[in-house]
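What you are looking at is a predicted structure, and each value in this text was computed from that prediction instead of being measured. Hydrogens, waters and symmetry mates are skipped; everything else that's a heavy atom, side chains included, is used.
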Amino acid sequence: MCGIAGIVNLDRKPADRGILEEMVKSLRHRGPDDMGVYLDGFIGLGHARLSIIDLSKVAHQPMPNEDSTLYIVHNGEIYNYVELREELARLGHIFRSRSDTEVIIHAYEEWGEDCLKHFNGMWAFAILDIKKKEIFCARDRFGVKPFYYYLDDSAFIFASEIKGLLVNSRIKREANDKAVFNYLASGYGYMDISDETFFRSVRQLKAAHYIKLSIPDKKFIQVKYWDLDPNKRALPRSESQACDKFRELFEDSVRLRLRSDVPLGISLSGGLDSSSIACIAADILKGSPIETFSSCFEDDKYDERKFINLVLERTKARPNFIFTKPEHLFGEMEEIIWHQDEPYSTLSIFPQWYVMKAARDKGVKVLLTGQGGDEILAGYHKYYFYLFADLIRSFKWPDAVREIDIYRSFKGDEDVAGRIFKILFSYSTPRTFKNLIDSIREKKTPDYLDREFVMNSSGKVKIERKFSGILNNDLYNALKISPLPSLLHIDDRSSMAHSVETRAPFLDYRLVEYLFSLGPEYKIKNGFTKYILRESLKGILPDKVRLRRDKMGFATPLEKWFKADLKDKVREILNSREFRSRPYFNSENVMKTYELFIEGKKDACYAVWSWINLELWLRRFIDTRQEHGI
């Protein structure tokens with residue numbers, strides 16, 4: 001894992017080596033092992049390297065091809081680089097290193113932009129093609145690795161993180177109010193939902209897209225090279241055959257992600273996803289000890305050690321338990337915000353931050369995580385209702401009744417009918433009428449937002465209708481819009497802040513494509529989410545973990561902290577001159593909402609979290625120019 005940067009001065013003015021080096025230095029946490037710069041007239045490429053595959057100097061970047069007509073800077077891992085290297089060698093390509101980066105260069109020489117279809121991994125890279133006088137930049141299918149850029153008539157500038165761009169004085173540090181509105185008003189903390197960012201002049205290359213910039217004529221195009229196919233249908237002869245296929249793909253995904261020339265570990269939460277990875281990895285490694293890292297709390301409501309210990313007993317892994325406390329939160333938040341670049345939405349970032357720090361301190365440079373499992377296997381509670389709606393809409397009424405009865409047997413008297421009706425109404429309403437309803441809903445924004453800000457904002461998140469099935473369609477949007485993009489953003493920045501690479505076996509594109517080709521009954525069945533995973537890992541995963549219905553993940557008692565331990569600090573921020581001067585809030589209603597929250601009369605934990613994050617981000621990035629080159 002690394003940091004990449006580049007400057008292409010389209011006005012032909014010489015690229016400034018000093019600025020390029022400062023861009024790379026701002027990314028050194030992503031790549032502390034090596035640093036390189038290539039400069040040729042008005043073009044410059046920079047790289048900060050975290051050495052994972054081929055630790056030798058031969059794998060130094062920026063890396064040229066044999067005749068120096070191509071130069072690449074790459075952040076990520078191509079997991080199937082061994083197989084591709086063998087294929088390309090048979091086609092006549094000669095390799096000097098064992099790195100996956102050199103495989104990208106030769107794949108580009110052989111297949112052009114179609115090389116992306118051959119890669120299994122996570123990547124963000126830029127290739128300078130001197131013969132074609134163009135630059136080719138690409139990002140992996142799910143956007144695991146970041147790529148930000150600035151473009152105007154005189155320059156194209158890119159970097160792995162926004163802070164790398166902000167080194168350039170031409171890039172103004174102005175907040176993008178549209179992104180702020182989506183973040184504050186949505187209820188979900190939307191981020192990374194388009195090519196826009198929280199900075200008005202900064203864009204990001206979207207997941208599963210590539211950029212081609214023709215330098216002589218300044219022609220800029222962005223092309224989608226991959227997407228899930230809603231017409232692709234898997235037709236397994238039996239449930240057991242489907243489970244066998246899933247297990248085969250999952251095992252191979254874990255196997256590929258265990259390739260490393262440095263120490264490797266697993267982020268183990270005690271949940272189904274990370275526990276499955278740990279058990280499969282232990283079987284592949286055949287007794288070789290592996291380090292696990294787990295966030296724990298003294299409060300049993302948030303602690304997962306009873307499940308973690310079952311997995312540790314099964315795998316014989318070496319545990320590392322990490323405890324977080326409320327008094328550490330604000331002491332770490334400034335550094336966390338600086339590394340994140342943008343306000344973040346999940347409450348899990350704090351324990352995750354300490355897990356990454358513990359891995360670094362232990363000398364582990366690669367961590368496997370369960371990221372993506374919930375989004376491809378319907379792991380969140382709400383997906384029960386999408387299944388019920390799917391079954392009813394498909395006229396599978398006996399199955400719907402059975403599943404609803406099972407659900408009520410362990411969840412009690414929830415308003416099941418009301419939630420199903422809302423989903424069916426949403427999917428059955430004509431588009432024009434639905435757009436009218438949505439426009440009315442937009443006006444019903446929280447009263448703690450400033451009315452003028454709301455009226456001047458046009459942020460609206462459009463849900464895609466790609467799949468005919470209700471459950472698969474919502475899962476598709478979970479992958480593309482929310483929550484996965486923001487979770488991947490946070491995971492990348494938290495791990496890279498500590499020079500740790502994270503790998504997500506559930507986001508192997510082959511596995512994702514297979515799951516989306518199956519019907520909803522393989523995701524949720526007999527009252528269990530992630531049904532195919534649970535069935536395929538019988539005898540591999542401890543049953544008390546495999547059959548648990550509760551879900552916690554990287555939980556944190558933040559609500560409890562905001563109401564007690566941290567309430568004085570929260571009040572201090574919300575009552576500050578800076579916060580009250582923001583054009584986004586009705587300060588009086590903010591304080592009313594917070595006091596109701598403390599009294600237990602209003603569920604506003606996420607809102608409080610978003611206010612604090614946004615305010616501290618504005619102070620760090622927008623208000624004043626501070627250290628770290630911004």
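- Defined by atom type and a distance below 3.5 Å, a donor-acceptor pair is present between the side-chain atoms of W226 and E513.
- In plain terms, the two heavy atoms of L507 and G372 that are nearest each other are CD2-CA, 4.0 Å.
- Salt bridge D33/R49: absent, no basic N to carboxylate O contact under 4.0 Å.
- Between the side chains of D227 and Y476, at least one donor-acceptor pair of N or O atoms lies under 3.5 Å.
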Do L116 and R141 pass the side-chain contact (heavy atoms from CB on, under 4.5 Å) test, and can you show the C-alpha distance, the side-chain angles, and the key distance before you say yes or no?
-> CA-CA 9 Å; L116 301 171; R141 294 173 180 87; over 6 Å; no

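- How far OH of Y514 is from CD1 of I376: 12.5 Å, rounded to the nearest 0.5 Å.
- Counting heavy atoms from C-beta outward, W338 and H29 have side chains that approach closer than 4.5 Å.
- We find the CG-CD1 distance between L368 and I290 to be 7.0 Å, quoted to the nearest 0.5 Å.
- Side-chain contact annotation: Q371 with T502, donor-acceptor N/O pair under 3.5 Å absent.
- Ring geometry, W123 versus Y225: the interplanar angle falls under 30°, so the pair is classed parallel (tilted spans 30 to 60°).
- When atom types are taken as modelled, the side chain of D390 and the backbone of L471 share a donor-acceptor pair closer than 3.5 angstrom.
- Between the N80 side chain and the N120 main chain, a donor and an acceptor come within less than 3.5 Å of each other.
- Using the six-membered ring where Trp is involved, H93 and H106 have ring planes that are perpendicular, over 60° apart on the 30 and 60° scheme.
- Residues E251 and V254 have side chains not in contact (no heavy-atom distance under 4.5 Å, counting atoms from C-beta outward).
- Between the side chain of S494 and the backbone N or O of D491 there is no donor-acceptor pair closer than 3.5 Å.
- Using a cutoff of 4.0 Å between basic side-chain nitrogens and carboxylate oxygens, R259 and E77 are not scored as salt-bridged.
- In this structure, R534 is not positioned above the aromatic face of F528 in the sense of NZ or CZ being under 6.0 Å from the six-membered ring centre and within 45° of the axis.
- With hydrogens and angles ignored, the 3.5 Å screen pairs a side-chain donor or acceptor of N472 with a backbone N or O of L518.
- Between the R139 side chain and the L205 main chain, a donor and an acceptor come within less than 3.5 Å of each other.
- With a 4.5 Å cut-off on side-chain heavy atoms, K245 and L249 count as touching.
- Residue P230 comes nearest to F467 through the heavy atom pair CA-CE2, 3.5 Å, listed as atom of the first residue, atom of the second, then distance.
- Below 30°, between 30° and 60°, or above 60°: for F136 and Y210 the angle between ring planes is between 30° and 60°, a tilted geometry.
- Classified by interplanar angle (parallel below 30°, tilted 30° to 60°, perpendicular above 60°), the ring pair Y407/Y384 is tilted.
- Counted within 6.0 Å of NZ on K362, heavy atoms from surrounding residues, nucleotides or ligands total 12 or fewer; the atom is thus considered open.
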side-chain contact (heavy atoms from CB on, under 4.5 Å) between Y108 and N65, intermediate numbers included | CA-CA 10 Å; Y108 176 77; N65 64 346; over 6 Å; no

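- The number of heavy atoms from other shown groups lying within 6.0 Å of CD1 (I94) does not exceed 12.
- A salt bridge does not link K365 with D261: none of the charged nitrogens is closer than 4.0 Å to a carboxylate oxygen.
- Inter-residue side-chain proximity for V311 and C279 is flagged as met; some heavy-atom pair is nearer than 4.5 Å.
- For the pair R548 and F307, the cation-pi test (distance below 6.0 Å, angle within 45°) is passed.
- You'll find the side chain of F321 reaches within 4.5 Å of the side chain of I308, heavy atoms only.
- The distance from the CG atom of L312 to the CZ atom of R305 is 11.5 Å, given to the nearest 0.5 Å.
- R85 places no side-chain N or O within donor-acceptor distance of the main-chain N or O of V103, the cut-off being under 3.5 Å.
- In this structure the side chain of I4 never reaches within 4.5 angstrom of the side chain of H74, judged on heavy atoms.
- Side-chain atoms of Y380 and E375 include a donor-acceptor pair closer than 3.5 Å.
- Minimum heavy-atom separation, H60 to M35: CE1-O, 3.5 Å.
- Residues A5 and L27 approach most closely at CB-CD1, 4.4 Å, considering heavy atoms.
- Closest heavy-atom contact between P485 and A478: CD-O, 3.8 Å.
- Between the side chain of E403 and the backbone N or O of G527 there is at least one donor-acceptor pair closer than 3.5 Å.
- For the atom pair CG of L84 and OH of Y79, the computed distance is 14.0 Å after rounding to the nearest 0.5 Å.
- Each of R493, H47, R30, K145 was compared with S160 under the side chain to side chain contact (heavy atoms under 4.5 Å, CB included) criterion, and only R30 meets it.
- A donor-acceptor pair under 3.5 Å is absent between the side-chain atoms of D140 and the main chain of M122, judged by distance alone.
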Walk me through it: do E304 and L268 pass the test side-chain contact (heavy atoms from CB on, under 4.5 Å)?
-> CA-CA 10 Å; E304 293 272 79; L268 178 62; over 6 Å; no

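- T369 and S267 are not linked by any side-chain donor-acceptor pair at a separation below 3.5 angstrom, with hydrogens and angles left out of the test.
- At a threshold of 4.5 Å between non-hydrogen side-chain atoms, the residues Y383 and K523 do not count as touching.
- In this structure, F250 has its ring center under 6.0 Å from that of F506.
- In this structure, S294 OG and I266 CD1 are separated by 10.0 Å, a value rounded to the nearest 0.5 Å.
- One distance of note links CD1 of I280 with OG1 of T315; it measures 12.0 Å at 0.5 Å rounding.
- The shortest distance between side-chain heavy atoms of P32 and L50 falls below 4.5 Å.
- Looking only at distances, a side-chain donor or acceptor of N75 sits under 3.5 Å from a matching main-chain atom of C2.
- R247 contributes a side-chain N or O that, together with a main-chain N or O of S536, makes up a donor-acceptor pair within less than 3.5 Å.
- Electrostatic pairing of K530 and D273 counts as a salt bridge here, judged by a charged N lying under 4.0 Å from a carboxylate O.
- Contact record, L264 with R503: CD1-NH1, 4.3 Å, taken as the closest heavy-atom pair.
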Determine, step by step, whether Q340 and I349 satisfy the side-chain contact (heavy atoms from CB on, under 4.5 Å) criterion, reporting the C-alpha distance in whole Å, the side-chain angles of both residues, the deciding distance to 0.1 Å, and the verdict.
-> CA-CA 10 Å; Q340 289 295 325; I349 191 169; 3.4 Å; yes

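- Q204 and H489 are not linked by any side-chain donor-acceptor pair at a separation below 3.5 angstrom, with hydrogens and angles left out of the test.
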